Amino acid sequence: MEKEKLTVLIVEDQNINRQILVTLLSGEYKVLEAENGAVALERLKEHKEIAAILLDIVMPVMDGYEFLERFRETLRSSVPVIAITGDKDDSTEQKVLSLGAWDFVSKPFQPATLLTRLKNVIVRSQYYLVSEMKYSSEHDALTDLLNRSAFFAAVQRLLTDDPGEQFAMVRMDIDHFQTYNSFWGEEEGDKLLCAMANWLRQIAGRCQPCVYGRINADAFCICVPNRAEIIQEEAAKIFEKIAVYNPEYRLAPSFGVYEIHDPKEKPQKMYELATLAAQRCKGSYLEYLSYYKPEMSRHVLENQWIVNEMQHALNSEQFEVFLQPKYALSTRKPYGAEALIRWRHPEKGLISPGVFIPVFEQNGFIGRVDCYMWEHACRLIRKWIDAGLDPAPISVNVSRVNLFKPNLVGQLCELMMKYNVPPRLMQLELTESAYMENPLIMGQIVKALQSRGFAILMDDFGSGYSSLNTLKDIHVDVLKIDMKFLAEESEIARSRSILASIILMAGRLNMPVIMEGVETAEQVSFLQSIGCNYVQGYYFAKPMPVPEYEALIPGVS
Ligand code: C2E
Ligand code: CA
Ligand code: CA
């Protein structure tokens with residue numbers, strides 16, 4: 001098969017000279033002609049295939065100098081140019097080269113020399129084009145760092161080239177970068193990313209041998225020798241730099257470290273595990289560096305299992321209501337209970353909510369699970385009423401996913417009507433942390449629910465940052481105090497005096513309190529001494545299956 005000829009553009013005003021060049025070149029090349037610079041620019045626009053230009057300097061209309069100047073501004077400026085002129089002056093040569101010509105030939109020229117020079121510039125330009133393409137296919141356009149695939153390839157080379165060294169993959173990103181981007185604008189976001197890239201370059205300068213790159217959005221990664229102190233030191237420096245980067249916005253990075261034990265492992269996999277480690281520090285400002293541990297992978301697999309099973313579990317009624325009685329301290333008698341979910345899995349047995357609730361909260365499934373629990377609580381109350389009993393209220397949990405649903409009030413009222421249960425018998429536990437997310441709306445919801453006859457319990461009171469604001473803004477019916485105030489770990493005297501103050505304050509506001517997590521006789525007598533009304537905890541009773549509860553409290557009160 002015949003090789004396709006490359007195209008050369010001859011720019012020369014004198015017909016005779018042009019013909020000489022055409023004759024010389026047309027054996028090897030396809031030739032296009034232009035009689036001045038202006039025509040040449042037109043030809044370049046029409047013919048994308050032009051591989052080189054032979055350019056006369058002295059021409060009417062537009063001479064070679066002007067052509068070179070204009071040509072530099074065009075998208076085709078990487079096409080090599082050889083200037084040809086009869087002018088013997090050295091400064092001409094200097095001038096055309098500085099304007100971007102690749103080479104220079106004086107008239108009269110040796111035909112063989114011209115052909116060789118032409119071939120040379122074409123080969124060089126094609127090599128240049130290929131390396132240019134290679135460069136941009138491997139680099140991120142914004143930061144000029146290696147991109148994802150090039151970075152992974154570079155890691156593989158680094159690990160094979162230096163088998164004696166132990167390496168670690170450090171993955172870094174900026175917490176809530178998307179929020180920063182949308183708040184300050186993309187241009188500011190880009191600036192921050194470029195600053196990150198530069199900080200990474202500085203680390204790279206200090207931690208040789210290493211490779212680094214930008215993986216996507218705000219995720220960067222660097223593969224360095226595994227020296228814990230140095231990695232920690234460098235991460236701390238970046239933490240400091242990011243913290244002061246924008247004085248009006250508190251930025252924090254997260255670092256995940258994967259220590260490479262098997263250099264043959266896929267770099268993508270190493271990166272995923274470093275990412276997993278980094279997730280550990282999300283949401284915590286001061287904790288910004290975390291090392292990968294195998295249990296993190298187990299955790300991901302467990303969560304995946306939960307997601308795969310949850311819908312079927314709901315359909316086949318694997319979720320069960322357990323009841324934990326609450327006790328009045330004045331009488332030490334049970335009064336009502338909290339409904340707590342349990343998952344009775346046919347193979348795995350009883351699973352505690354601490355394992356699956358966080359997963360459901362994250363994927364929103366908690367919304368449906370809550371409704372399921374409310375409905376089962378209603379059925380129980382109905383059953384007791386039908387048996388002629390006078391049941392005490394059962395409290396159910398309302399997750400934040402449901403709290404901010406617009407039809408929450410309607411949905412609960414419908415349920416009460418369906419089972420003909422008075423709302424005062426189903427109390428609602430709302431977690432204090434939901435308040436912080438949306439104080440205004442939460443206040444409105446609480447009011448709406450109370451107006452329909454529901455009593456509202458503020459769950460986990462004291463666990464958040466703004467407990468006192470909650471008290472001020474939202475008038476709940478009962479405070480459930482978080483069990484951390486009873487933790488026997490440290491500062492017990494302090495916790496106890498805070499607890500006493502909370503109970504005093506609640507008393508002044510005419511708000512009954514329930515203390516959670518009461519485990520010992522000593523705690524009970526302390527709570528009684530400071531005027532606590534109700535307690536819920538293992539000391540009196542653990543959460544139990546419904547039949548056990550019914551046996552414990554024959555009158556269900
Ligand atoms: P919570 O609402 O604060 O429930 C109290 C938790 O404290 C329960 O854990 C209960 O078993 C435990 N507890 C009770 N007394 C003691 C004690 O004396 N000592 C200790 N150490 N713990 C005690 P459980 O049942 O494992 O539930 C954990 C969390 O899961 C609940 O905390 C609640 O946030 C969530 N949860 C449980 N059931 C539901 C539900 O139906 N819907 C929603 N949205 N969340 C639920
Ligand atoms: Ca609760
Ligand atoms: Ca609680």
Side-chain angles (χ1 to χ4, degrees), residues 175-176 178-179 279 282-283 299-300 302-322 338-343 351-379 394-416 418 423 426-450 452 454-461 463-467 469-470 473-474 476-478 480 482 516 543:
D175 297 356
H176 312 298
Q178 292 315 330
T179 318
Q279 278 160 12
K282 292 279 169 217
H299 196 63
V300 168
E302 266 170 29
N303 289 358
Q304 197 49 52
W305 180 87
I306 290 170
V307 172
N308 293 343
E309 295 273 314
M310 61 190 190
Q311 188 60 54
H312 174 67
L314 189 69
N315 298 345
S316 55
E317 304 247 327
Q318 289 177 18
F319 295 113
E320 213 173 281
V321 175
F322 268 43
E338 175 177 6
L340 291 157
I341 193 169
R342 296 293 180 266
W343 184 347
I351 309 173
S352 97
V355 175
F356 57 87
I357 293 282
V359 182
F360 292 176
E361 276 173 346
Q362 214 173 11
N363 63 24
F365 193 65
I366 189 68
R368 273 185 268 171
V369 169
D370 271 352
C371 299
Y372 174 95
M373 289 292 285
W374 304 338
E375 177 135 21
H376 279 71
C378 280
R379 281 188 203 165
I394 295 293
S395 64
V396 295
N397 289 287
V398 180
S399 72
R400 73 195 65 208
V401 172
N402 280 316
L403 195 58
F404 299 121
K405 272 192 192 154
N407 64 343
L408 173 72
V409 179
Q411 202 185 352
L412 282 166
C413 291
E414 223 170 86
L415 204 57
M416 297 297 118
K418 180 172 169 193
M426 199 169 91
Q427 302 179 329
L428 306 173
E429 299 198 4
L430 315 187
T431 166
E432 186 205 62
S433 53
Y435 164 81
M436 291 187 299
E437 259 170 53
N438 221 329
L440 217 70
I441 295 185
M442 182 143 166
Q444 292 164 2
I445 294 168
V446 167
K447 271 205 193 111
L449 289 167
Q450 284 169 327
R452 304 302 174 99
F454 292 101
I456 307 299
L457 281 60
M458 175 64 65
D459 201 359
D460 306 323
F461 181 80
S463 62
Y465 299 108
S466 52
S467 307
N469 284 335
T470 323
D473 298 339
I474 301 180
V476 297
D477 299 279
V478 181
K480 278 192 90 171
D482 195 78
E516 293 185 301

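Owing to the predicted nature of the structure, the values given are computational and were not obtained by experimental measurement. Both backbone and side-chain heavy atoms feed into the values below; hydrogens, waters and symmetry mates do not.
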Using atom types as modelled, flag every donor-acceptor pair under 3.5 Å from a side chain in residues 354-365 to any protein atom, sequence neighbours excluded.
from: Asn363; atom 1: OD1; to: Phe365; atom 2: N; distance (Å): 3.0

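- Across every non-hydrogen atom of Phe454 and Cys413, the tightest pair is CE1-SG, 4.3 Å.
- Residue Glu338 holds its CD atom at 4.5 Å from CG of Asn397, rounded to the nearest 0.5 Å.
- Proximity of a side-chain donor or acceptor of Asn402 to a complementary backbone N or O of Gly367 within less than 3.5 Å is detected.
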(request) Please test Arg379 against His376 for side-chain contact (heavy atoms from CB on, under 4.5 Å), starting from the C-alpha separation and ending with a verdict. (result) CA-CA 5 Å; Arg379 281 188 203 165; His376 279 71; 3.8 Å; yes

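- For Asp370 (side chain) and Ser399 (main-chain N/O), a donor-acceptor pair under 3.5 Å exists by modelled atom type.
- Among all heavy-atom pairs drawn from Leu415 and Cys378, the shortest one is CG-SG, 3.9 Å.
- Taking CZ from Arg342 and CD from Glu320, the interatomic distance works out to 9.5 Å, rounded to the nearest 0.5 Å.
- Asp482 and Glu516 make their closest contact through CA-OE1, 3.8 Å (heavy atoms, listed as atom of the first residue, atom of the second, distance).
- Once rounded to the nearest 0.5 Å, the distance linking CG of Leu449 with CG of Leu430 reads 7.0 Å.
- Taken from CZ in Phe404 to CD1 in Ile441, the straight-line distance is 6.5 Å, to the nearest 0.5 Å.
- Between atom NE2 of residue His312 and atom CE of residue Met310 there is a gap of 13.5 Å, rounded to the nearest 0.5 Å.
- In this structure, Leu412 and Arg452 have side chains that are not in contact, with every pair of non-hydrogen atoms separated by 4.5 Å or more.
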(request) Could you walk me through whether Lys480 and Leu457 pass the side-chain contact (heavy atoms from CB on, under 4.5 Å) test, one step at a time? (result) CA-CA 6 Å; Lys480 278 192 90 171; Leu457 281 60; 3.9 Å; yes

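- With hydrogens and angles disregarded, no donor-acceptor distance shorter than 3.5 Å links the side chain of Trp305 to the backbone of Val300.
- Using a distance-only test at 3.5 Å, with no hydrogens or angles considered, a donor-acceptor pair links the side chain of Tyr372 to the main chain of Phe319.
- Contact between Met416 and Met426 at its shortest, heavy atoms only, is CE-CE, 3.5 Å.
- In this structure, the separation between CE on Met442 and NZ on Lys447 is 13.0 Å, given to the nearest 0.5 Å.
- What you find for Glu429 and Ser395 is that their closest heavy atoms are OE2-OG, 2.7 Å.
- Of all non-hydrogen atoms in Leu403 and Ile445, the two that sit nearest each other are O-CD1, 2.9 Å.
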